[in-house]
Amino acid sequence: MSHAYDFNALEPKWQRHWDEHGTFRAAQPGEPESDAPKFYVLDFFPYPSGAGLHVGHPLGYIATDILARFMRTRGYNVLHPMGWDAFGLPAEQYAVEHGVHPRITTRNNTETYQRQLKMLGLSYDWDRELATCDAEYYRWTQWIFLKIYNSWYDPEYRWTDPAGRPVVGAARPIDKLPIPPDVKAQGPPAIEAYRAEHRLAYLAEVPVNWCPALGTVLSNEEVTNEGRSNRGDQPVYRRPLRQWMLRITEYADRLLKDLEFLDWPEPIKLMQRNWIGRSAGAYVDFAIEGSGPAAGQIIRVFTTRPDTLFGATYMVLAPEHRLVPIITRPERREEVRTYVNQAKQKSELDRTADNKQKTGVFTGAYAVNPVNRKRVPIWVADYVLISYGTGSIMAVPGHDTRDLEFAETFGLEVVAVVKPPTGRDWRGFVDDGVSVNSPPDGEDHFSGQCVLNDLPTPEAKCKLIRWLEERDLGEGTTQYKLRDWLFSRQRYWGEPFPILYGEDGRIVAVDESELPVALPEIEDFRPHASDDPDAQPQTPLSRATDWLTVRRGGEVFRREANTMPQWAGSCWYYLRFCDARNAQALIDPQVERYWMGGKLPDGTPKVGGVDLYVGGAEHAVLHLLYARFWHKVLYDLGVVSTPEPFHRLFNQGMIQAHAFRDPRGMYVEHEKVEFRDNTPYHKETGQALTSAVEKMSKSLKNVVNPDAIIHEYGADTLRLYEMYMGPLEKSKPWNTQDIIGVHRFLQRVWRLVVPPAPEGQAASAPVLNPALGDVRDEHVERLLHKTIKKVTEDIERFAYNTAIAQMIVWINEAAKTKVLARDQVERFLQILSPLAPHICEELWQRLGHKSSIAYAPWPSYDAALTRDDAVEIAVQVLGKIRGRITVAADATDDQIVELARKIEAVARELAGRPIKRAIVARGRLVNLVV
RNA sequence: GGGUCAGUAGCCCAAAUGGCAGAGGCAAGGGACUUAAAAUCCCUCCAGUACGGGUUCGAAUCCCGUCUGACCUACCA
């Protein structure tokens, strides 16, 4: 056996050992080990890109691995799986650019990722590995889509969920949808059409980001601020396309409300709340004045401030509003048409760009404000968006910033209807206040007119809504920013839809028994590019002619040729991990209840199944919202037993790195940088460089490869360093030079057990430290109890950096002591083992243990031994330190004060003045106030 | 423009409910060992907590304002 800490030999040895012995296999319900309480700890699974991992990626994986290993030693049956988010744009884009089939690049990338993760000693149960692009997996993604397609949302449905909570609203099978008699009377096609309108998955014409040069639709993230594709810088156009949509908006309220029960970081909850964007307000109906085609038309607006209705001095329609051409007066028609066309030309981004200047045109038409029967002019302006509310607003320039800007630009009337607290100007005051001029004093135009004067804003809102509702002039309502989920992509590398179209255009869902609808192997998976913005999209699958056409009972059907977005596969993978090889069902119900169920410490059932979910904050909204949505549908349909997928969420910070740039602003690789007098210079050109801490990224040329670090220091050192850098949730810069610190620590741990090789001959010398005996040094033992306590508590709260610091303290003391008991070293190895598993397994074995340290029960500590008998406390006079005293830990306040005032410096300060008050902070300080 | 979080030695970071600003690591300096270097070991140095107010016996911690940085969001009526 080697005397040296040869991490390059022993780390692969233990990784092989764990693999071969199935050390980290999680027991399924029914197996004996499943009697233990379960713990499900999950990482955001990665998208395996071609570049492989850099040291920033595994930060969260290391953190969860430590917790998984810790929980195993605490007697839990731990589910800790890993898989691949393997469908999606980057693989396909790479394939398009390099001519390699995405299946091949994906497999290569996945293998690289797995190799790199195994090198880190992560204790995944690899038997559960999955990839979203495998047919056995996406079969169930398609199955869920069918469930969603075959459901409708019944907002009235009252039921009690498995957790015993009363719930209003549920997804229900489409055949339970009540069909109105008049629809029924029109026969089966009408019934089918009615159902189609209510399904949770439906087809609709919606505006998409269409990039003809790339031949595809792009997601918003793929479109630059200039309205071009972020790859290739090609123009992108907004155009309507018939797309699959998922009715996530039906779940807006439940998605919002259930956030409350989740143990998630507040900022993430806030981001989800903002994204859902619930606002309570009212619809108000304005009648259009005059004769002609516009007569009798109603403009319905949405407002969150019905209390300011008396201040509505004009109205604005979005340029796309259907009433614009109808109400525009002939003399204004030309001007309005020009404006509307201009607005259409502009991209969404141009329109919302921060050019403060408001634009708009007057239509010539007027409407009547229902609350005071005054005429208000109707304008068209692009600051009103067609996609929110009703696409039209009542403008209250007195108390809305945007309306005020517009009114000032066009010289429209501004009136005060809300009185702000004293000292603030009413003009542009948008917060709650007290209603005034509603109506103005002395004006009382008609009987039954609403009077809001002197009412605080919340009450004025209620009163006005009631007034509107009684007269059928509007109603209270709630709006959401959340839109239905656009679910089609004109791409190859994704899940095919299990949908067929008949020759007459009717939609037929593929039967569950026929799943999966396999993605066809096609030669040409490129999208068809064009310079013509009006070119029809041709999806790659639409060219797979054999696949596309299906014959059934003499009828010819055409398959849906779009694919699902990348989010689809990641919406439910946490469920599949529980039962990854089940060929009969997505998940066995008993297995689902075992892994996803559970209770909080106080005994109440948890709303979420995964006990801990760790990943970066960049998926705060989309992935986490989509997964919650799917989970709730599955919950309503009885497939899962918890209302939420992820009980506790933790966001790790980002590892940053120094990025260097030359005077032209080009990034420079680290290898080409040298330091002179702490200033970076280019090694070859000698130019002075600028340095900034930025995100670690290939494009910034500041990535650090884990393979190189592992080769030089070992995986245990890398794991330890990443955890030691700072708090897990914070972003912090990588400094390779700092690694040596934790590496020295591990070297010290090694030498505690294995003595340095004697001069010359290593082979015959003892390989255990002969100093290890059975005598315990009191000081080291006490410090060990303190260390066990601190490490236990710190792991539980994810403060690995301070846990490591405490272990360094212990090793530094232990190394100084000549007397060290074997069991002290063993207990120390146990608390170190979740963080640095390889070295601990090796030393554990060398100390004579036959079984893995991974399941050795976590050592306990004696609280009495963690407390010192005597403590030093500071003595303050009037808050200033004047001296220190050492007292017994259980000294009374009076004893402490007596001792304190005897200190010469303290006595001098007191100078005979009586002590008015003595504040004693136990074990810390005493403050004497005179 | 709005929101969220953060700012402590040259660097990374610690400091329960406010209670002695320092646990730990890196770097730097000195020393021991060595022919020398590396490695190892020992010792030392350095800030008053971004800035300005306030509350308090006492503030890195709480409150207000300002500055800087990161992230989210962006005409959502």
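Lettering follows sequence order; numbering is per chain, from 1.
A salt bridge (charged side-chain N to carboxylate O under 4.0 Å, His left out) check over residues 791-813 of chain A, counting only residues at least two apart or in different chains, returns the pairs A:Arg74-A:Glu796, A:Lys789-A:Glu793, A:Lys790-A:Asp794, A:Asp794-A:Arg797, A:Glu813-A:Lys816. For residues 716-739 of chain A, every residue pair satisfying the salt bridge (charged side-chain N to carboxylate O under 4.0 Å, His left out) rule, not counting sequence neighbours, is listed here: A:Asp65-A:Arg719.
Of all nucleotides present, only B:G3 satisfies the Watson-Crick or G-U wobble test against B:C71, with each distance under 3.5 Å. Using Watson-Crick or G-U wobble geometry with both donor-acceptor distances under 3.5 Å, B:G58 finds no partner in any strand shown. For B:C51, the paired nucleotide is B:G65, the pair qualifying as Watson-Crick or G-U wobble because both relevant distances are below 3.5 Å. Base pairing of B:G10: its partner is B:C26, meeting the Watson-Crick or G-U wobble criterion (both donor-acceptor distances under 3.5 Å). With a cut-off of 3.5 Å on both pairing distances, B:U17 has no Watson-Crick or G-U wobble partner at all.
In this structure, A:Ile393 reaches the bases: a heavy-atom distance under 4.0 Å links it to at least one base atom across the strands shown. Here A:Thr390 lies out of heavy-atom contact (under 4.0 Å) with every strand. Among the heavy atoms of the strands lying under 4.0 Å from A:Ile919 is at least one base atom, whether or not backbone atoms are also near. Among the atoms of the strands shown, base atoms are found under 4.0 Å from some heavy atom of A:Gln876.
Side-chain N/O atoms of A:Arg748 and A:Asn812 include a donor and acceptor closer than 3.5 Å.
Using a 4.0 Å cut-off between charged side-chain N and carboxylate O, A:Arg273 and A:Glu260 make no salt bridge. Under 4.0 Å is where a charged nitrogen must lie from a carboxylate oxygen, and between A:Asp307 and A:Lys461 no such pair does.
Looking at which nucleotide of RNA chain B each of A:Leu878 and A:Glu872 is closest to, the 5′-most match is held by A:Glu872. Annotation: of the two residues near RNA chain B, A:Asn274 and A:Thr303, the 5′-most nearest-nucleotide partner is A:Asn274.
Rounded to whole Å, the distance from CD1 on A:Ile655 to P on B:C71 is 16 Å. In this structure, the CZ atom of A:Arg917 is 6 Å from the P atom of B:C57, given to the nearest Å. To the nearest angstrom, C1' of B:C57 lies 10 Å from CG of A:Leu925. As rounded to whole Å, 11 Å separates atom C1' of B:A77 from atom OH of A:Tyr314. Straight-line distance from the CD1 atom of A:Ile740 to the P atom of B:A28: 12 Å, rounded to whole Å. Spacing between atom CG of A:Asn927 and atom C1' of B:U56 amounts to 11 Å, rounded to whole angstrom units. For the pair A:Glu722 CD and B:G24 P, the interatomic distance rounds to 24 Å; values are reported in whole Å. Between the C1' atom of B:C26 and the CH2 atom of A:Trp734 lies a distance of 14 Å, rounded to the nearest Å.
For A:Tyr626, the ring pair (Phe, Tyr, Trp, His ring centres under 6.0 Å) criterion is met by A:Trp485, A:Trp567, not counting sequence neighbours. Residues satisfying the ring pair (Phe, Tyr, Trp, His ring centres under 6.0 Å) criterion with A:Tyr800, sequence neighbours excluded, are A:Phe798. Residues meeting the ring pair (Phe, Tyr, Trp, His ring centres under 6.0 Å) test with A:Tyr713, sequence neighbours left out: A:His743. Residues satisfying the ring pair (Phe, Tyr, Trp, His ring centres under 6.0 Å) test with A:Tyr721, not counting sequence neighbours, are A:Trp734.
Residue A:Asp400 has its side chain nearest to B:A77 when only B:A77, B:C20, B:G19 are considered. Comparing B:C20, B:C75, B:G25 by their nearest atom to the side chain of A:Ile808 picks out B:G25. Of the candidates B:C75, B:A77, B:C72, the closest approach to any side-chain atom of A:Tyr383 belongs to B:C75.
How far OG1 of A:Thr477 is from CD1 of A:Ile465: 9.5 Å, rounded to the nearest 0.5 Å.
Taking only side-chain nitrogens and oxygens, A:Arg884 never comes nearer than 4.0 Å to OP1 or OP2 of B:C20.
For B:A50 and B:C13, the P atoms lie 15 Å apart once the distance is rounded to whole Å. The same atom, C1', is picked in B:G25 and in B:A9; the two are 13 Å apart, to the nearest Å. Look at the P atom in both B:G48 and B:U61: the space between them is 16 Å, to the nearest Å. For the P atom pair drawn from B:C67 and B:C11, the interatomic distance equals 24 Å after rounding to whole Å. B:U8 and B:A23 have their C1' atoms separated by 14 Å, with the value rounded to a whole Å. Atom name P, nucleotides B:U73 and B:U66: the rounded distance is 25 Å, in whole Å. For the P atom pair drawn from B:A60 and B:G7, the interatomic distance equals 14 Å after rounding to whole Å. Here, B:U34 and B:U40 have their C1' atoms 11 Å apart, quoted to the whole Å.
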Between side-chain atoms of residues 870-888 of chain A and protein atoms elsewhere (two or more places apart, or another chain), which donor-acceptor pairs fall under 3.5 Å?
none

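With contacts defined as side-chain heavy-atom distances shorter than 4.5 Å, the pair A:Leu625/A:Met271 does not qualify.
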Report, one pair per line, the protein and nucleotides 6-14 of chain B atoms (nitrogen or oxygen only) whose separation is under 3.5 Å.
| unit_1 | atom_1 | unit_2 | atom_2 | d |
| --- | --- | --- | --- | --- |
| B:C12 | O2' | A:Met725 | O | 2.8 |
| B:C13 | O5' | A:Met725 | O | 3.3 |
| B:A14 | OP1 | A:Asn801 | ND2 | 3.3 |

Please enumerate all protein N or O atoms sitting under 3.5 Å from an N or O of nucleotides 41-44 of chain B, with distances to 0.1 Å.
| unit_1 | atom_1 | unit_2 | atom_2 | d |
| --- | --- | --- | --- | --- |
| B:C41 | OP1 | A:Arg748 | NE | 2.9 |

